[in-house]
Structure formats: C-alpha cells, structure tokens
Amino acid sequence: MAVQVRRLMKRQDFVDCKLGRRVPTQSFVIQVLEKPEEAGLGVGFTTSSAAVGNAVARNRARRRLKAVFDEVCRLNPAAAGQGLWLVIVAKAPILKIEHAYLLKDMRKALAEAGVSC
RNA sequence: CCCCUGCACGGGGUCACCGCGAGAGUAACCCUCUCGAGGAAAGUCCGGGCACCCCCAAGCCACCGGCCGGAGAAUAUCCGGGCUGGCCGCUCCAGCCAGACCAACAGGGCCACAGAAAAGAACCACCUGCGCAAGCAGGAACGGGUGAAAAGGUGGGGUAAAAGCCCACCGCCGCUCUCAGCAAUGAGACGGGCGAGAGGAGAUGGCAACAUCGCCUCGAAGGUAACCUGCCGGAGGGUGCAAUACCGAAUAGGGACUCCCAGCGACGCGGCUUGCGUCCGACGCGGAAACGCCGAGGAGAGUCCGGGUUGGCAGCUCGACGCCUGAUGCAAAUCAGCGCGCAGAUGAAUGGUGACCACUCCCGCAAGGGAGCACAGAACCCGGCUUAUACGUGCAGAGGAGAC
RNA sequence: GCCCAUGUAGUCCAACGGUAGAGACAGAGGACUUAAAAUCCUUCCAGUACCAGUUCGAAUCUGGUCAUGGGCA
C-alpha cells in the first residue's frame with residue numbers, strides 16, 4: 001500500500017518543524033515533527049540561497065530532492081508511515097553528489113525518521 | 001595564419017523508464033490528447049498599458065528633458081544628418097568609436113594653494129612730475145614671476161613710457177548679405193572690434209515716476225549651469241497586481257434590539273416608577289491659561305447587522321504580440337496578407353535517471369579512454385536601456401596626401 | 001514580486017568641491033604600580049565599495065555596477 005503524502009504549504013508549518021528531531025546526512029537534513037492528527041505524511045523542501053546558490057541551483061536542488069523522495073517513498077508501494085511532518089533542507093554539496101548516493105541516504109534517513117520503505 | 005579586444009547572430013539533439021503543472025475531451029474520477037522558461041526571464045534604470053486614491057478651472061511651486069529632422073503609445077528609446085572629441089606626434093581627407101551637445105552680455109554664487117591681482121587687475125621692473133634721498137602722486141597690461149586659468153598672435157607705426165591706440169596679415173567673436181540645406185549647419189563676401197553698462201549736460205513727450213532721441217567722457221570681455229538660475233519644450237499628481245473587485249468560516253472585538261441583574265450626589269417635574277429636565281461631576285478632547293466641548297452602570301444570555309483575518313475566486317494572459325511574405329522608405333518604421341506560433345505557477349509546475357550522438361580540450365601511433373559543455377529560472381503585461389555570457393560563425397581593429 | 005536606504009582605519013562614526021581625510025574605542029610602545037586595572041603621553045592603522053564622466057581639482061556632483069540593510073500581505 002502506498003503512503004498518502006501532502007505538500008506542506010504554510011510558513012508556520014516549516015517553523016514548527018524546526019523544533020523537531022533532526023536527521024542529518026551528507027547532502028541534506030530532515031527535520032521530523034510528530035503530528036498525530038496527520039493521516040499520512042506532510043513533506044516540505046527548503047533550499048536556501050545561502051546554502052545552495054542562485055535561483056537555478058536552488059531549483060535544481062529542490063527538484064533532485066523531490067525526485068529522490070518520490071522514488072524512495074511517495075511512489076514506492078512498500079513504503080509505510082503516518083503522523084509525521086518532514087522538512088528536507090538542502091545542504092551545499094547536494095549538486096555534486098550522484099543520484100545513487102542520494103537514494104541511499106534518503107532510504108537511511110527516512111528509516112531513521114520513522115518511515116519504513 | 002594565430003592570439004587578444006569590441007560588436008552582431010546562434011547559443012545542443014535523439015531515445016527509453018519514472019514523475020510534475022495547466023487546458024481540452026467529461027458534470028466529476030480514472031484515462032487519453034495537447035502545451036509547458038530566456039536573450040538576457042537578471043538589475044529595477046527609464047517609458048507606457050491596466051487598477052485604485054487625490055485633484056478634477058487655470059496658474060504658481062515642484063518634476064523631467066535640452067544640436068536638427070524623422071519614427072513611435074511614450075521615453076534618459078530608435079533611425080538619419082550636423083557639430084565636437086578620441087583612435088593620432090602637426091594639418092587635411094576618408095574610416096571606426098564616443099558624446100547629459102541651449103544660454104556665462106538676465107542676475108547671483110564659487111574659483112583652494114600660489115600670486116600684486118581670479119575679474120571693473122599695478123608687486124617688481126618701465127615712464128612723467130615733485131623731492132637731496134627715502135618716498136609720494138599719476139601714466140601704462142610690453143616684460144618678469146605665480147597658477148588649472150592672467151584679458152588675441154606676428155610685424156610695423158606710434159609714445160615720456162606704453163597699449164588693437166592705429167595699420168597689414170592671421171586667429172577668434174558677433175551682426176548683415178549671398179549660396180546650399182526642411183533644419184542643425186556649412187561655404188563665401190562685406191563692414192566692424194563698435195555695442196552692454198556707468199556718469200554728465202541737453203532736446204522732445206509726460207502732472208510725475210519715467211520714456212525716446214542724438215552728443216560728450218569713462219569703458220567690461222577667463223572658467224563653472226552634472227552650483228543656483230534664465231530660456232525653450234513636456235506631462236494632471238500619487239501608489240503600485242502584495243493595485244483592485246467579489247465570496248467568506250472559527251476565535252476575538254464593534255454596533256443595534258430584547259431579556260436579566262444592579263439601581264448610586266443634589267434639586268425640580270411627576271399619582272408612582274428603572275421616566276424626564278437642571279446643577280455638580282471622574283476619565284477624555286481643544287487651549288499657554290482663563291475657559292470651552294463631550295458626558296456615566298454591567299459581569300451575563302439571545303437575535304440581528306456591518307467591519308475584517310486565514311483561505312478561496314477574479315484580475316491572469318491573444319497583446320501598441322512575435323515570425324514569414326509583399327509594398328513604401330537611405331533607415332528607424334509603417335501598411336497589407338491573415339500563412340504560422342502563443343507558459344500561467346502561487347512553499348510556486350516546466351523535472352529525475354540512464355544510454356547514444358554532436359561540439360571543445362587532454363592522453364594515445366591507433367583502437368580507445370578521461371574531462372568539459374556558458375550566463376542564468378517566468379510571477380500582471382508590453383517597449384527600451386544596462387549588466388552577465390563557455391563555445392561556434394561573421395565583421396572591425398585600418399588607410400591616403402602634405403609639412404617637419 | 002514591488003518600494004526604499006546605506007557603503008570612509010580592525011569597530012563605531014565626522015568631514016562647504018580645495019593640502020586627500022577629524023574624533024572615539026581597539027592595537028603597539030612608554031610613564032605610573034611590587035604587579036595589574038584605571039589614568040597620562042606617544043605611535044600605528046584609510047586612500048573613502050568598484051568603474052566611468054563633469055571639473056583646474058571629486059569622499060562630496062552625475063551615471064552605471066556590486067554588496068549590505070529595511071519596508072509592503
């Protein structure tokens with residue numbers, strides 16, 4: 001069964017997640033907040049200009065993170081998890097890391113965050 | 001031929017798997033189809049469209065622009081022409097590039113230091129007079145020196161000494177005329193270095209202030225208007241799609257009515273009352289003050305009303321649009337044909353991965369291997385400007401005559 | 001996205017268009033002290049964010065880049 005995933009939209013949601021648990025990897029950080037009333041998962045992406053660079057680099061970083069997350073969790077029928085908000089924050093080396101490593105890091109980080117996949 | 005610099009144009013392609021946004025096919029889901037970043041999307045420097053507010057009569061203030069002509073909705077835009085400057089050590093021609101390129105006699109301000117003096121110039125030296133001398137008075141911008149800048153240059157005349165004071169040539173300036181040009185402007189001719197201003201006396205007009213006219217004497221001439229300013233021209237101004245319009249929860253707050261509770265300083269009206277009037281009166285507002293104005297309950301329940309936040313929806317993409325073809329024009333551009341094309345997101349889609357082919361570089365005899373592939377991401381929409389840009393292509397970076 | 005403001009020593013900041021640049025704190029040295037703090041004296045540190053233009057002359061005036069900061073739902 002697939003996981004129900006919703007995009008986080010409001011600024012307040014992102015601010016709330018800053019208080020949550022942090023799961024770091026080489027190229028990104030996941031901030032996890034327990035939200036029991038959330039039926040599935042809420043997920044947001046942050047690519048700051050200070051960490052990543054100009055607008056083209058920010059777009060590319062966000063799209064790669066989305067693609068990796070979709071492949072590992074959102075479109076994976078085996079994935080399971082609920083009641084969590086995840087904010088995935090890009091770090092500087094993200095654009096230099098190969099896709100396979102990003103997949104590996106994402107699996108590991110999501111497992112640590114409480115999502116099985 | 002190579003390198004570098006500048007300008008213009010272009011600024012990757014194909015396939016597979018998995019995804020995203022919008023629209024259509026449907027009333028909706030599934031599903032299918034179509035479309036889905038740029039020349040700068042950037043900086044936000046100009047100009048508009050559009051929306052709201054203010055003023056809606058004109059003018060002043062403030063603002064913007066400034067060679068001429070044309071284009072354009074408009075501009076600090078574009079095109080053509082002129083002039084000036086740079087390339088360039090002297091001159092001229094042609095070439096390329098650049099130019100915020102009206103006025104310094106409307107007026108004011110400023111021009112440090114140096115220098116006698118920085119704008120109605122006398123320090124030294126010069127000349128004249130007085131004086132034994134020191135010096136004083138006057139004449140006089142030729143020389144010295146200072147400076148970014150010192151009141152045209154050369155020669156001659158002239159003089160006490162001098163000076164455009166006069167003359168010749170040259171330069172510059174403005175006026176007039178002729179020719180060319182729509183014009184800016186250019187070529188030539190003629191006359192002139194006069195004028196502006198100050199002072200004086202006079203005539204005419206006028207009650208007067210004053211105006212006009214000619215005469216006499218003196219007599220300025222630098223730079224800066226991206227300092228104030230004057231002149232000419234322009235546009236109603238301001239805010240900006242986070243404009244603006246509509247829909248509209250929950251919570252809090254506002255208003256009206258009803259119910260409930262409490263009913264309080266004094267006096268009067270009133271049969272009584274929670275009613276009415278007057279005085280006093282906390283807090284508040286105006287005022288320097290005097291004083292004036294306003295003028296009293298709640299902690300509750302219900303109903304209704306309007307404001308308004310998160311949110312939603314409209315604005316939101318076909319338009320002064322781009323390409324192509326034809327006509328006009330040196331060109332910017334305009335007109336015609338309708339032949340082709342058309343992103344609309346809102347924590348924000350336009351992608352991720354893999355393979356192959358282009359292109360460039362490196363290693364290698366080769367097979368092949370490795371690395372790179374710029375600047376950069378729409379956010380209401382247009383016209384410009386500016387800045388960034390690997391690589392590829394094209395063009396230019398240059399010449400002639402004379403003098404030394 | 002839109003609208004503004006500001007850039008000067010290590011830091012905070014002055015400076016009519018005129019020798020290119022004042023202070024304060026900090027730093028260094030010295031005096032005082034047994035030693036330190038405080039205080040006093042001396043000294044060091046800028047070429048005014050960058051690039052052009054106007055001007056005899058620019059931190060200042062004008063234009064353009066870059067950086068930083070702020071406001072608007």
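What you are looking at is a predicted structure, and each value in this text was computed from that prediction instead of being measured. Quick note: numbers below take in every heavy atom, side chains included, and nothing from hydrogens, waters or symmetry partners. A note on names: the letters A, B, ... follow the listed sequences, proteins ahead of strands, and every chain is numbered from 1.
- Leu33(A) is connected to Leu8(A) through a chain of hydrophobic side-chain contacts under 4.5 Å among Ile, Leu, Val, Met, Phe, Trp and Tyr, so both are in one cluster.
- Centre separation under 5.5 Å together with a plane angle under 30° holds for the ring of Phe14(A) and the six-membered base ring of G347(B), marking them as stacked.
- C46(B) and A57(B): their P atoms are spaced 31 Å apart (whole Å).
- Nucleotides G354(B) and A366(B) place their P atoms 31 Å apart, quoted to the nearest Å.
- Pairing for G268(B) is with C276(B), a Watson-Crick or G-U wobble pair whose two hydrogen-bonding atom distances lie under 3.5 Å.
- With a 4.5 Å cut-off on side-chain heavy atoms, Cys73(A) and Val43(A) do not count as touching.
- The interatomic distance linking Arg58(A) (CZ) with A42(B) (P) rounds to 13 Å, in whole Å.
- If you measure from atom NZ of Lys66(A) to atom C1' of A349(B), you get 7 Å, rounded to the nearest angstrom.
- A continuous path of hydrophobic side-chain contacts links Leu103(A) to Val115(A) [ILVMFWY only; heavy atoms under 4.5 Å].
- Atom P of C83(B) sits at a distance of 8 Å from the matching atom of A187(B), rounded to the whole Å.
- Taking atom CG of Leu95(A) as the reference point, atom C1' of G351(B) lies 14 Å away to the nearest angstrom.
- For Leu65(A) and G347(B), the CG to C1' distance is 14 Å, given to the nearest whole Å.
- Side-chain contact check for Leu86(A) versus Val23(A): every heavy-atom pair is 4.5 Å or farther apart.
- In a base pair of the Watson-Crick type (N1 to N3 plus N6-O4 or O6-N4) or a G-U wobble (N1-O2 and O6-N3), with each distance short of 3.5 Å, U146(B) is matched with no nucleotide.
- The CG atom of Leu75(A) sits 11 Å away from the P atom of C18(B) (whole-angstrom rounding).
- In this structure, the CZ atom of Arg63(A) is 11 Å from the C1' atom of A345(B), given to the nearest Å.
- Figure legend. A250(B) is base-paired to no nucleotide; pairs are counted as Watson-Crick or G-U wobble with both atom distances under 3.5 Å.
- For the pair Arg58(A)/Phe45(A), no side-chain contact is recorded, criterion being any heavy-atom separation below 4.5 Å from C-beta on.
- Out of G377(B), C20(B), G352(B), the shortest distance to the side chain of Arg74(A) is found at C20(B).
- The nearest whole Å value for the distance from the CE atom in Met106(A) to the C1' atom in G352(B) is 13 Å.
- G143(B) and C127(B) have their C1' atoms separated by 14 Å, with the value rounded to a whole Å.
- Remark: RNA chain C forms stems of 3 or more consecutive Watson-Crick or G-U wobble pairs, all pair distances under 3.5 Å, at C:1-7 with C:66-72, C:10-12 with C:23-25, C:27-31 with C:39-43, C:49-53 with C:61-65.
- The pairing partner recorded for G135(B) is C130(B), the criterion being a Watson-Crick or G-U wobble arrangement whose two distances lie under 3.5 angstrom.
- G95(B) is paired with C87(B) under the Watson-Crick or G-U wobble criterion, all donor-acceptor distances under 3.5 Å.
- Here A196(B) sits opposite no nucleotide as a Watson-Crick or G-U wobble pair (both hydrogen-bonding atom distances under 3.5 Å).
- Looking at the side chain of His99(A), the nearest of the listed nucleotides A349(B), G352(B), G377(B) is G352(B).
- In this structure the side chain of His99(A) reaches within 4.5 angstrom of the side chain of Arg64(A), judged on heavy atoms.
- No N or O donor and acceptor, one from the side chain of Asp70(A) and one from the base of G19(B), sit under 3.5 Å apart.
- Comparing C66(C) with A24(C), their C1' atoms sit 30 Å apart, to the nearest whole Å.
- Base pairing annotation: A333(B) forms a Watson-Crick or G-U wobble pair with U328(B), both donor-acceptor distances under 3.5 Å.
- C304(B) and G255(B) make up a base pair, with Watson-Crick or G-U wobble contacts both under 3.5 Å.
- A straight line from CG of Asn59(A) to P of G38(B) spans 14 Å, rounded to a whole angstrom.
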